[in-house]
**Student:** 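Sharing a structure, written as structure tokens. Questions coming.
Hydrogens, waters and symmetry mates are skipped; everything else that's a heavy atom, side chains included, is used.
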Amino acid sequence: MEKTLSKETLLKLYRTMVRIRAFENEAIELAKANITRAAVHTYNGEEAIAVGVCAHLSDKDYITSTHRGHGHCIAKGADLRRMFAELMGRETGYCKGKGGSMHIADLATGNLGANGIVGGGIPMAMGAALGLQVAHEPHLSVAFFGDGASNEGSFHESLNMASIWKLPVVFICENNKYGISTSTEKSMNIKHISDRAKGYGIKGLTIDGNDLVKVYETFAEVKEYVLTGNGPVLLEMDTYRMSGHYFGDNENYRERSEVEKWREKDPIFRCEQLLINHYDVTEEELRTIEKEENQKVLAASEQAKQDPEPSVEDMTDDLYDPTFADIEWNVFSKG
């Protein structure tokens with residue numbers, strides 16, 4: 001096998017995937033203990049997508065996320081303690097404990113936010129790309145969304161507008177085969193969601209989203225294509241969520257044998273096999289990395305548990321612009 005990535009790069013990407021998995025596992029434990037304040041949707045099984053994509057993005061590149069957004073946040077550089085604090089409803093969280101798991105945003109890293117509305121982040125990413133184009137900034141915007149969101153009007157409207165103006169945006173569909181409990185086989189009459197790109201005259205690609213190296217290399221090419229003025233790309237990532245739609249999901253809509261089949265394609269396991277077989281990394285080295293990341297995650301979780309909850313006095317903060325009272329309202333006149 002030809003090594004297309006350096007050992008250092010691949011180990012760094014692997015470490016981030018392990019960090020995401022550790023965070024999600026701890027989030028599940030917190031949900032079991034009723035410490036989280038809202039529903040928790042985990043990213044287990046899809047880590048290669050966020051990691052492979054965000055490795056090519058700077059803080060000046062934008063992303064929009066989904067209700068299953070922890071992986072995107074971490075891959076984009078979010079602080080684990082602040083994320084846990086948000087899940088627990090603490091005032092030290094990214095949204096001061098008022099957003100919860102599905103609404104983490106971090107403008108400092110270019111993360112415009114996770115979104116509880118299916119397809120809600122797609123037009124936001126398109127708008128961010130328009131802003132970059134108008135400002136002549138050499139950066140791009142990325143919209144992460146699921147297969148279910150590709151059936152929403154926001155998806156089609158955004159692709160249409162982005163294609164007209166050739167905006168620097170990449171639409172990434174994380175096709176994990178189910179929109180909550182509805183299989184893609186029952187919700188759409190096409191094999192590949194990327195085929196929908198043809199209707200808007202833009203490039204569409206479908207790749208194995210559980211192959212970290214493939215995701216990493218493909219997005220590098222897509223980024224260059226978009227930033228050289230060729231317009232948007234619809235990039236479908238074929239993947240699968242190992243956990244249910246949310247913590248507590250009884251998963252009675254899919255066979256256990258199907259889940260086990262996909263576990264064999266686990267992106268972390270596949271990356272481990274690649275590192276062991278072709279990069280001379282030992283099992284002991286991988287377990288050391290796993291232990292280190294678990295310790296970081298658990299430490300962040302324990303710290304967040306000690307943080308205070310928002311006060312009643314802060315309940316109405318952030319609802320309006322603080323200068324709202326100073327706005328002068330004038331009657332509109334064409335003259």
**Student:** Would you list the pairs meeting ring pair (Phe, Tyr, Trp, His ring centres under 6.0 Å) in which at least one residue belongs to residues 81-134, sequence neighbours left out?
**Tutor:**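 Checked against ring pair (Phe, Tyr, Trp, His ring centres under 6.0 Å) - neighbours excluded - the pairs reaching residues 81-134 are Phe23-Phe84.
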**Student:** Suppose we call two aromatic rings close when their centres sit under 6.0 Å apart. Are His70 and Tyr43 close by that rule?
**Tutor:**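 Ring centres of Tyr43 and His70 not closer than 6.0 Å.
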**Student:** Determine, for Glu293 against Arg15, whether the closest basic-nitrogen to carboxylate-oxygen distance falls under 4.0 angstrom.
**Tutor:**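 A salt bridge links Glu293 with Arg15.
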**Student:** Could you tell me which residues satisfy salt bridge (Lys or Arg N to Asp or Glu O under 4.0 Å) with Lys96, sequence neighbours excluded, listed by chain and number?
**Tutor:**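 Listed in chain order: Asp318.
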**Student:** Name all residues meeting the salt bridge (Lys or Arg N to Asp or Glu O under 4.0 Å) criterion together with Lys305; count only those two or more places apart in sequence or in a different chain, and write none if there are none.
**Tutor:**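 Glu302.
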**Student:** Only counting residues at least two apart or in another chain, list the ones meeting ring pair (Phe, Tyr, Trp, His ring centres under 6.0 Å) with His139.
**Tutor:**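 Residues passing ring pair (Phe, Tyr, Trp, His ring centres under 6.0 Å) with His139: none at all.
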**Student:** Would you please name every residue forming a salt bridge (Lys or Arg N to Asp or Glu O under 4.0 Å) with Arg81, sequence neighbours left out?
**Tutor:**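 With neighbours one apart ignored, the set is Asp307.
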**Student:** For the residue pair Thr206 / Glu236, report whether a side-chain donor-acceptor contact shorter than 3.5 Å exists.
**Tutor:**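 Yes, Thr206 and Glu236 have a side-chain donor paired with an acceptor closer than 3.5 Å.
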**Student:** Run through the side-chain heavy atoms of Ile, Leu, Val, Met, Phe, Trp and Tyr, join any pair under 4.5 Å, and report what else lands in Ile190's cluster.
**Tutor:**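 Direct or chained contacts put Ile190 with Met188, Ile193.
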**Student:** Does Tyr62 sit in a hydrophobic cluster with other residues, and if so which ones, taking ILVMFWY side chains as linked at heavy-atom separations under 4.5 Å, directly or through other members?
**Tutor:**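 The other cluster members (ILVMFWY side chains, heavy atoms under 4.5 Å, direct or chained) are Leu107, Leu112, Met124, Leu132.
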**Student:** For the hydrophobic clusters of this structure (ILVMFWY residues joined by side-chain heavy atoms under 4.5 Å, transitively), does one cluster hold both Tyr240 and Ile268?
**Tutor:**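 Different clusters.
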**Student:** By the rule that ILVMFWY residues connect when side-chain heavy atoms come within less than 4.5 angstrom, directly or transitively, which residues belong alongside Met242?
**Tutor:**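 Met242 clusters with nothing; isolated.
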**Student:** Between Arg287 and Glu290, is the closest basic N to carboxylate O distance under 4.0 Å?
**Tutor:**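 Looking at Glu290 and Arg287, the cut-off is met.
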**Student:** Between Ile180 and Tyr253, is there shared hydrophobic-cluster membership here, with clusters defined by ILVMFWY side-chain heavy atoms closer than 4.5 Å?
**Tutor:**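 Unlinked, Ile180 and Tyr253 end up in two clusters.
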**Student:** What about His56 and Tyr216, are their ring centers closer than 6.0 Å?
**Tutor:**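 Yes - the distance between ring centres of His56 and Tyr216 falls below the 6.0 Å cut-off.
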**Student:** Mind checking side chain to side chain contact (heavy atoms under 4.5 Å, CB included) for Thr282 and listing every partner two or more places apart, or none if nothing turns up?
**Tutor:**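 Once residues adjacent in sequence are excluded, the partners of Thr282 under the side chain to side chain contact (heavy atoms under 4.5 Å, CB included) criterion are Glu284, Glu285.
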**Student:** Taking the hydrophobic residues Ile, Leu, Val, Met, Phe, Trp and Tyr, and joining any pair whose side-chain heavy atoms are under 4.5 Å apart, which ones share a cluster with Leu167?
**Tutor:**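 Listed partners: Ile122, Met126, Leu130, Val134, Phe145, Phe155, Leu159, Met161, Ile164, Trp165, Val169, Phe171, Tyr200, Ile202, Leu234.
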**Student:** Can you list the residues that meet the side chain to side chain contact (heavy atoms under 4.5 Å, CB included) rule with Leu319, with sequence neighbours excluded?
**Tutor:**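 Scan of Leu319 (side chain to side chain contact (heavy atoms under 4.5 Å, CB included), adjacent residues dropped) gives Thr316.
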**Student:** Taking Thr218 for the side chain and Lys214 for the main chain, is one N or O donor matched with an acceptor at less than 3.5 Å?
**Tutor:**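 Confirmed, Thr218 side chain pairs with Lys214 backbone.
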**Student:** Which residues satisfy the salt bridge (Lys or Arg N to Asp or Glu O under 4.0 Å) test with Glu29, sequence neighbours excluded?
**Tutor:**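 Residues passing salt bridge (Lys or Arg N to Asp or Glu O under 4.0 Å) with Glu29: Lys32.
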